[in-house]
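Each remark here refers to the structure printed beneath this line.
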Amino acid sequence: MSIRIRLLLSYTCILIVTIVLFLAAALLFVVAITGDVRSVKDFYNIHYSVNPLTEQEETIFLDLKYMAKNEPDSLLDQELLNQYNYKLRAEQAELFIRKEDKQLYSSLSVKQPAFMEHLPDYEMENNAIRNTLQIGEHFYAYAKFDFYFPDRSKGSVLVVRERSPFAEIVRTLLPIVLGVLFIVLLLMNVLLYYFLTRSIVKPLELLRKSTERITAGNLSFELHAEGNDEIAKLSEAFEVMRGKLKQSVEKQLQYEHNRKELIANITHDLKTPITSIKASIEGIRDGVPDTKQKMERYVNTILTKADDMDQLIDELFLYSKLDLKQLPFTFEPINLGHFIQDYAEDLQFDLQEQGIQLEWSIDTSPDSNVLADRDKLKRVLVNIMDNCVKYMKASPKKISITLQPEQGQLCLTIRDNGPGISEEAVPFVFERFFREDLSRSSQTGGSGLGLAIAKQIIEGHDGSIYAESKLGAGTSIIIVLPPAKQ
Ligand SMILES: Nc1ncnc2c1ncn2[C@@H]1O[C@H](COP(=O)(O)OP(=O)(O)O)[C@@H](O)[C@H]1O
Ligand SMILES: [Mg+2]
């Protein structure tokens with residue numbers, strides 16, 4: 001059964017139960033007011049019938065009528081009349097007797113002079129026995145019997161019951177009020193049904209359509225949730241799921257693309273030296289190098305290209321192990337300042353021989369203690385320094401190393417005054433196989449993996465690495481590492 005039908009059924013049930021309860025309440029209300037279950041049955045009958053009194057009152061009235069007909073003088077007996085009146089008052093009615101234009105007997109509440117004036121005239125045929133009359137705000141229902149007293153004077157015996165004007169109004173308005181109430185209930189139910197289906201069924205429908213789209217492989221849409229209810233939250237969660245799914249599919253595609261690119265790069269980078277080696281060997285086989293020097297050149301080319309390949313394979317191996325997180329890090333507390341200073345001191349003379357001046361400003365205080373893997377950190381420094389040396393053209397050639405604390409982190413900057421990297425290329429230098437100027441690197445050699453490896457290693461230390469450079473303005477590689485907790 002669909003939610004729509006369920007809602008419709010439940011609303012109909014509620015409507016029926018409400019009406020039943022309302023009628024029961026109305027019944028109880030009437031019983032509570034009149035104190036008699038039978039009066040409920042008479043509720044309308046009384047009004048429309050000629051009998052405005054209850055059965056009990058009617059019996060007493062008949063007694064009195066009988067007396068008036070057959071022994072009218074007993075209606076002068078105050079004691080007897082008191083007894084009848086007492087019985088009538090138990091039924092919320094009262095006795096009234098007039099003789100000619102005088103009031104002969106009246107119980108307390110109908111003892112108002114106006115009552116006499118409003119009473120109908122004598123009508124000895126007694127055709128209109130039962131009727132109602134209104135005196136100001138008061139309504140009375142009565143049963144009257146006209147008779148002759150023994151002295152031939154006219155008399156009337158009346159059993160009177162006062163009705164509240166409110167009761168009269170309610171009685172007339174009740175069908176209308178009931179009708180209006182029913183219509184209001186019906187309208188309320190229809191509106192509730194409409195709004196509920198709108199807020200439940202519609203979003204559910206939307207969710208279903210969205211799932212169908214996802215099943216069909218379409219993830220590029222947005223599901224907007226309105227409101228703050230459970231269904232809106234479900235839609236929000238669905239939207240988050242769709243976003244994540246889309247991300248992961250895109251990531252998967254990106255991986256796939258990267259993998260293809262990687263294979264293409266590797267093939268290309270291995271193919272080039274192999275082609276060179278093959279050409280040299282073919283030359284030798286064909287006896288091209290006819291002198292000793294020529295032969296040496298050929299052999300040297302083969303050796304260099306084989307070295308290049310060896311290095312490329314080494315770097316590729318290292319990179320892929322780092323990428324797959326298969327290379328464990330052995331962290332130990334070291335003072336980064338001392339570590340870098342030792343490295344710089346070792347390197348200084350080698351660089352001097354190549355005409356490069358190395359200077360440093362290193363903080364060796366305990367503040368620069370870090371948890372690091374010595375070998376891997378060394379690898380990072382070597383890769384960066386290699387680049388500085390490799391791409392350096394200007395003179396005087398200068399490399400500077402600084403290490404200083406910055407915003408609670410350790411900041412290591414390696415700066416050269418080389419050719420720099422173009423602004424567009426800066427964000428990509430840490431990507432594998434990225435080489436800015438292919439023709440330049442074909443002379444300098446290099447796999448394009450050096451900085452990618454450095455990045456993997458620094459990230460393995462929970463640090464970050466980035467470059468700042470401009471063409472012609474030198475390059476700075478900045479490494480930020482978290483200091484060891486003391
Ligand atoms: N110090 C530097 N000066 C100029 N260019 C640099 C420097 N360091 C890196 N680069 C650029 O970044 C690229 C990537 O560097 P790297 O990953 O070490 O690869 P490789 O050195 O094998 O080419 C280099 O090809 C070069 O274009
Ligand atoms: Mg390099």
Side-chain angles (χ1 to χ4, degrees), residues 258 261-262 264-273 276 304-323 340 343-344 347 350-351 354-360 376-402 412-460 463-479:
N258 285 0
E261 204 181 60
L262 190 70
N265 283 329
I266 295 170
T267 326
H268 175 266
D269 284 18
L270 287 177
K271 184 89 184 152
T272 324
S276 250
T304 339
K305 294 293 166 191
D307 271 350
D308 280 357
M309 272 175 65
D310 194 33
Q311 201 195 340
L312 173 64
I313 288 166
D314 273 355
E315 290 199 328
L316 204 56
F317 191 57
L318 177 63
Y319 176 81
S320 72
K321 275 198 142 183
L322 283 167
D323 199 27
I340 294 168
Y343 173 73
L347 204 69
D350 276 356
L351 290 179
Q354 299 176 50
I356 300 172
Q357 190 190 334
L358 182 66
E359 52 192 45
W360 59 87
K376 297 205 174 58
L377 212 54
K378 180 89 177 273
R379 181 73 194 223
V380 173
L381 295 176
V382 169
N383 284 7
I384 295 172
M385 277 304 203
D386 267 2
N387 285 347
C388 294
V389 174
K390 192 160 72 172
Y391 299 111
M392 187 88 75
K393 296 264 153 50
S395 62
K397 300 177 177 174
K398 259 193 204 164
I399 299 174
S400 69
I401 304 176
T402 47
L412 167 68
T413 310
I414 300 173
R415 208 191 130 67
D416 65 43
N417 63 344
I421 310 166
S422 70
E423 248 170 279
E424 313 84 71
V426 171
F428 303 105
V429 290
F430 295 97
E431 278 181 20
R432 60 188 181 205
F433 296 111
F434 180 86
R435 274 160 288 176
E436 191 189 2
D437 183 347
L438 285 175
S439 62
R440 192 168 79 195
S441 30
S442 63
Q443 295 154 21
T444 48
S447 58
L449 283 170
L451 289 182
I453 288 171
K455 187 174 181 202
Q456 293 269 21
I457 293 176
I458 294 300
E459 282 176 355
S464 59
I465 182 167
Y466 59 96
E468 273 177 7
S469 182
K470 255 190 193 155
L471 266 186
T475 306
S476 298
I477 302 286
I478 298 132
I479 294 172

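Read the numbers this way: they start at 1 and go in the same order the structure lists the ligands and their atoms. In this chain, residues are counted from 1 in sequence order.
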Which atoms of ligand 1 sit under 4.0 Å from any heavy atom of [X]?
X: Leu451; result: 9 (C), 15 (O), 16 (P), 17 (O), 18 (O)
X: Asp416; result: 1 (N), 2 (C)
X: Phe434; result: 13 (C), 14 (C), 25 (O)
X: Lys390; result: 20 (P), 21 (O), 22 (O)

By side-chain contact (heavy atoms from CB on, under 4.5 Å), Asp416 pairs with (sequence neighbours left out) Cys388, Met392, Ile399, Thr475
Shortest non-hydrogen pair, Lys397 vs Lys393, comes out as CE-O, 3.9 Å
If the condition is salt bridge (charged side-chain N to carboxylate O under 4.0 Å, His left out), which residues does Glu431 pass it with, not counting sequence neighbours? none
Consider every N or O of Arg435 and every N or O of ligand 1, then say whether any pair is closer than 3.5 Å. no
What do you reckon, is CD of Glu423 surrounded by more than 12 foreign heavy atoms closer than 6.0 Å? no
Does a sphere of radius 6.0 Å around NZ in Lys398 hold more than 12 heavy atoms from other residues, nucleotides or ligands, not counting ones at 6.0 Å or beyond? no
Taking the side chain as every heavy atom from C-beta outward, state whether Val426 and Tyr466 have any pair of such atoms under 4.5 Å apart. no
Does ligand 1 have an atom under 4.0 Å from some heavy atom of Asn383? no
From [X] [atom1] over to [Y] [atom2], what is the distance, rounded to the nearest 0.5 angstrom?
X: Ile384; Y: Ile414; atom1: CD1; atom2: CD1; answer: 4.5 Å
X: Lys455; Y: Asn383; atom1: NZ; atom2: CG; answer: 14.5 Å
X: Ile457; Y: Leu381; atom1: CD1; atom2: CG; answer: 9.5 Å

Of the choices Phe428, Tyr391, Phe430, Tyr319, which has the non-hydrogen atom that lies closest to atom 20 (P) of ligand 1? Tyr391
Nearest-option assignment for atom 22 (O) of ligand 1, heavy atoms, candidates Gly420, Gly448, Cys388: Gly448
Sequence neighbours left out, cut at 3.5 Å: what donor-acceptor pairs do the side chains of residues 309-319 make with other protein atoms?
from, atom 1, to, atom 2, distance (Å)
Glu315, OE1, Ser447, OG, 2.4

Within the 2.8 Å cut-off the protein N, O or S neighbours of the Mg ion (ligand 2) are Asn387 OD1
